[in-house]
Amino acid sequence: QIQLVESGGGSVQAGGSLRLSCAASGWSFSYYAVGWFRQAPGKEREFVATVGRNAGWTKYADSVKGRFTISRDNDKKTVYLQMNSLKPEDTALYYCAADRTILTVLSISQDDYENWGQGTQVTVSS
């Protein structure tokens, strides 16, 4: 088991950028796939991006492709979500999640991620 703590959220105007961090504690972080999910008020939580054990193995939701970049630094036990060209519809509570059983297919389903952080709020104003 690992513990996850998100940071980096805040308020920004449309077109701006933010970088979210997901810091992990515990052993064997490099064995975990880590994903970002978000939940807007009144909506279900949705997939944003995920990175596998190999930092080059990534997957994005169509809504953020080309604007968001997920990366990981295993030495720092941290996964980042660089968010550029932010839109008001990106406003949500952003969660990171991790699972060490995701091996051959990067999952976009929240049900496949066992460990979750508490979330960090991102608000984009028009």
Side-chain angles (χ1 to χ4, degrees):
Q1 292 286 347
I2 61 173
Q3 287 74 48
L4 304 171
V5 178
E6 302 95 334
S7 62
S11 296
V12 65
Q13 289 192 328
S17 299
L18 285 173
R19 188 176 80 157
L20 305 184
S21 298
C22 173
S25 60
W27 297 102
S28 303
F29 173 73
S30 62
Y31 289 101
Y32 286 76
V34 180
W36 285 96
F37 295 79
R38 66 186 182 186
Q39 186 167 20
K43 295 187 177 181
E44 293 186 353
R45 190 157 55 185
E46 64 177 5
F47 166 76
V48 176
T50 186
V51 58
R53 295 181 174 187
N54 183 328
W57 192 25
T58 60
K59 187 177 289 187
Y60 296 90
D62 288 342
S63 59
V64 307
K65 203 171 293 183
R67 300 189 297 122
F68 291 10
T69 302
I70 190 170
S71 61
R72 67 186 300 158
D73 185 333
N74 286 337
D75 290 336
K76 295 182 178 179
K77 296 184 180 181
T78 301
V79 168
Y80 304 98
L81 185 68
Q82 178 66 44
M83 305 187 296
N84 299 328
S85 302
L86 282 162
K87 305 175 180 179
E89 51 263 43
D90 294 317
T91 295
L93 186 60
Y94 283 70
Y95 299 89
C96 68
D99 197 278
R100 65 179 298 160
T101 66
I102 296 172
L103 299 176
T104 57
V105 178
L106 273 180
S107 175
I108 66 171
S109 172
Q110 58 183 313
D111 294 337
D112 291 333
Y113 292 81
E114 181 176 13
N115 306 279
W116 288 81
Q118 295 301 306
T120 184
Q121 179 67 39
V122 171
T123 302
V124 184
S125 59
S126 57

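Just so you know, these numbers use all the heavy atoms, side chains as well, and skip hydrogens, waters and symmetry mates. Just so it is clear, the structure is predicted and the values come from calculations on it, not from any experiment. Each residue takes its place number in the sequence, starting with 1.
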Heavy-atom closest pair (Asp112 atom, Ser107 atom, distance to 0.1 Å) is OD2-OG, 2.6 Å
Do Asn84 and Ser17 come close enough that some side-chain heavy atom pair is under 4.5 Å?
-> yes
Count the heavy atoms of every other residue, nucleotide or ligand shown that sit under 6.0 Å from CD of Gln118, and state whether that count exceeds 12.
-> no
Would a 4.5 Å heavy-atom cut-off, applied to side chains only, mark Tyr60 and Thr69 as touching?
-> yes
Is it true that a side-chain atom of Gln13 and a backbone atom of Ser125 form a donor plus acceptor pair closer than 3.5 Å?
-> no
Exam field: side chain Tyr113 to backbone Ala33, donor-acceptor pair closer than 3.5 Å | no
Are the side chain of Thr50 and the backbone of Val34 linked by a donor-acceptor contact shorter than 3.5 Å?
-> yes
Note: Val12 and Leu18 closest approach over all heavy atoms is CG1-CD1, 4.1 Å
Given the rule in the side-chain contact (heavy atoms from CB on, under 4.5 Å) test, do Tyr95 and Leu20 qualify, once you have shown the distances and angles that lead to the verdict?
-> CA-CA 10 Å; Tyr95 299 89; Leu20 305 184; over 6 Å; no
Check: Trp36 and Phe68 side chains under 4.5 Å, non-hydrogen atoms | no
Main-chain N/O of Gly52 paired with Lys59 side-chain donor or acceptor, under 3.5 Å = no
Short N-O contact, Lys87 and Asp90, less than 4.0 angstrom | no
Would you say the side chain of Val64 lies within less than 4.5 Å of the side chain of Arg38, judging by non-hydrogen atoms?
-> yes
Cation over ring, Arg72 on Phe29, under 6.0 Å and within 45°?
-> yes
Given side chains that start at C-beta, do those of Phe47 and Gln110 come closer than 4.5 Å, heavy atoms only?
-> no
Which value, rounded to the nearest 0.5 Å, describes the distance between Arg100 atom CZ and Arg53 atom CZ?
-> 6.5 Å
Is the NZ atom of Lys43 crowded by more than 12 outside heavy atoms at less than 6.0 Å?
-> no
